[in-house]
Engineer: 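Dropping the structure in here first, questions after.
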Amino acid sequence: MLSLLAQIDIEPIDTPDVDWPVLVPLLVMSVGGILMLTFASILKRLPSSVWSIATVLLSAATAITVIPLWMRVTDTANSASSTLAGSVAFDGFSLFLTVVIAFAVGLTALLSDDYLKREGLEGPELYVLLMMSGAGGIIMAFANDLIVLFLGLEILSIAVYVLAAMHVRKLQSQEAGMKYFILGAFSSAFFLYGIALIYGATGSTNLIDIKNFLSVTVLADDALLLAGFALMLVGLGFKVAAVPFHFWTPDVYQGAPTPVVAYMASGVKAAGFAAIIRVFVLTFEQYRTDWQPVIYVLAVLSLLLGSFLAIVQTDIKRMLAYSSISHAGFILVGVQAATDRGTSAVLFYLAAYAFMVIGSFGVLTVAGGKGDAAQSLEDYQGLSKRSPFLAFALMVFLFSQAGVPLTTGFFAKFGVISAAIDARSFWLGVIAMISAVVGAFLYLRVIVTMFFAGDDDHDSDDGESAGQDDIGDDADVASTDKIDVPLGAQIAIGMCLLVTVVFGIWPGPIDDLAREAIPRLVQESPAALFGN
Amino acid sequence: MLAAVEVTSNWYLILSAALFAVGAMGLLIRRNPLVMFMCVELMLNAVNLSFVAFGDRLGDIAGQVSVFFVLVVAAAEVVVGLALVVAISRRRATTTADDLSVLRG
């Protein structure tokens, strides 16, 4: 038998070398999620909180496994590398965003525990989907190949489609899931077509090969490549909710379960911007004169429409949805600069925004009451009396979103605007500042409502806010009752509060990390490529 | 005899662009979620055709390999989409996209 085999000339298949330690954060998140699903199907009787705690621990483990990798990357000046035949980039950028996504998953899991109990939806599903989605986000942060990027985007998105429709007894939630699904699939198709055209123009889907190809070749006809840029920007613009691809945002944010919205605004956005920066700022640096104007226009539209449309909203979740659109505009201001400084400003913004937006939606989760019914602005009247902690926390988060000094939001906005001015985009800087002022008005309105408009304590509740809810909810939003903040939400909101204030006063550490996390494209050494 | 027209990869690319456009228009115009899913599938498969045509033109196998990944993703997407339609139609007698209008501002 052996001699027979020896006669046949078997060509060994060249398998690319795998730098396993690099993949550990991703494996913790994805394998952890799969194992959780397996255990959940065996141990059906476990209380729902177990899965929440497991998710928090696994995402903490993900963040912790990044630490040794971070040491490795920053050890010598240029030790970024790529592995798996160049399809996975290992640099500070991917590690930084991995941590942001891990925190988004962990904090959302803390918020979800009580939400699921309140809505009678206990079960491991939300946590498993959350971790799968987080794993997709991490793949996007590490992706160094357009196909890998697409797979990461889909793993991230498909899980979030289900998460948005998670509330099985609420039609709004299912409608949100459906809308997000249709538009998400639509945008994914555009993104994929963009990949196909770039592949056709450059002959590769690997970002390193594309960049090398473009640096030695002058394309006689770059129409294919430019069309590819446009289609990819449409796809990614949808994911990060930039105007004019923002139509789904208010509807989905309003209808989806509030903890899920916290994840969508932080984790999904971070992953989307990871893709935009790695593909456009890094790989297509040479063609920046072609894509910069487009990002410029997207940024201006998002900044202005986001903050102006937010003002006319009466539902607080819709309002924060529009404000998240204007935040996407701010982040695009940093992207448009297309400099290292702009990129580190974007990273700082993404980290700071993740904490303030999770905190905001965390407060909304608790204050929303049963069925998420109390989400109109009137329901927040006198929140300071019903729960001083929630009102104070929301105030800090909204101040931070407005960019008030002594919060992380201030340095985030300052960073992107100064990066834009550094790159000589003065008018973009001016528009961003106008948008910040308009936004400040909006956030102040909510704060004033919470603290000063609640004097009429015995205002009879006419249930106008709950009018849309078609399920038999008890439209009795007791406006004078104290709100009990559950432990999980306390921890999550407290942590967001701590990060927002401490690093708002002392932004140095995050800023230093963001500066070291500039993405790089590093060719894998040929020896490592097929090092059997 | 008519001179045989040589079919180049450009023909496939044009066909793929046309299919993609049909899918995109269909998704925007049609109101039945099931038909909308079919339009998404049409768009994804149009892209597959592009991948194969480019792969052929470049003499590169990566284009054809990409198709497998896209097929898997498309299948996963349909599973989720159909589950959503089932979930909604349990609560509603008819399922057209126009009925989904609880959320508006």
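A note on names: the letters A, B, ... follow the listed sequences, proteins ahead of strands, and every chain is numbered from 1.
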Engineer: Highest number of heavy-atom pairs under 4.5 Å with chain A: which of Ala53(B), Ala76(B), Ala24(B)?
Structural biologist: Ala24(B)
Engineer: Donor-acceptor pair, distance only, cut-off 3.5 Å: does the side chain of Tyr193(A) make one with the backbone of Phe20(B)?
Structural biologist: no
Engineer: With side-chain contact (heavy atoms from CB on, under 4.5 Å) as the criterion, how do Glu175(A) and Ile88(B) come out once you've worked through the C-alpha distance, each side chain's angles and the decisive distance to 0.1 Å?
Structural biologist: CA-CA 8 Å; Glu175(A) 184 181 325; Ile88(B) 291 181; 5.6 Å; no
Engineer: Taking non-hydrogen atoms and a cut-off under 4.5 angstrom, which of residues 183-191 of chain A neighbour chain B?
Structural biologist: Ala185(A), Phe186(A), Ser188(A), Ala189(A), Phe190(A)
Engineer: Measuring from Ser204(A):OG to Leu58(B):CG, what's the distance to the nearest 0.5 Å?
Structural biologist: 9.5 Å
Engineer: Taking the ring centre of each residue, are Phe181(A) and Phe37(B) less than 6.0 Å apart?
Structural biologist: yes
Engineer: What distance do Gln174(A) atom CD and Arg90(B) atom CZ have between them, rounded to the nearest 0.5 Å?
Structural biologist: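 It is 9.5 Å, given to the nearest 0.5 Å.
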Engineer: To the nearest 0.5 Å, how far apart are CZ in Phe51(B) and CG in Leu197(A)?
Structural biologist: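 If we round to the nearest 0.5 Å, Phe51(B):CZ and Leu197(A):CG are 9.0 Å apart.
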Engineer: How far apart are the closest heavy atoms of Leu84(B) and Gly177(A), and which atoms are they?
Structural biologist: CD1-O, 3.7 Å
Engineer: Which bit of Leu192(A) is near chain B, if near means a heavy-atom gap under 4.5 Å: side chain, backbone, both or neither?
Structural biologist: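 Both parts, heavy atoms under 4.5 Å.
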Engineer: Can you measure from CZ (Phe69(B)) to CZ (Phe150(A)) and round to the nearest 0.5 angstrom?
Structural biologist: 11.0 Å
Engineer: Does Phe54(B) reach the side chain of Ile198(A), with side-chain heavy atoms less than 4.5 Å apart?
Structural biologist: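 A side-chain contact is absent here, since even the closest heavy-atom pair is not under 4.5 Å.
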Engineer: What part of Ala17(B) is in contact with chain A, defined as an atom under 4.5 angstrom from a non-hydrogen atom: side chain, backbone, both or neither?
Structural biologist: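 For Ala17(B), backbone and side chain are both near chain A.
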Engineer: Measuring heavy-atom distances to chain A, does Ala74(B) have an atom under 4.5 Å in its side chain, in its backbone, in both, or in neither?
Structural biologist: neither
Engineer: If I measure from the heavy atoms of chain A, does Ser9(B) come under 4.5 Å with its side chain, its backbone, both, or neither?
Structural biologist: neither
Engineer: Picking from Val312(A), Ile155(A), Ile158(A), which has the most non-hydrogen pairs under 4.5 angstrom with chain B?
Structural biologist: Ile158(A)
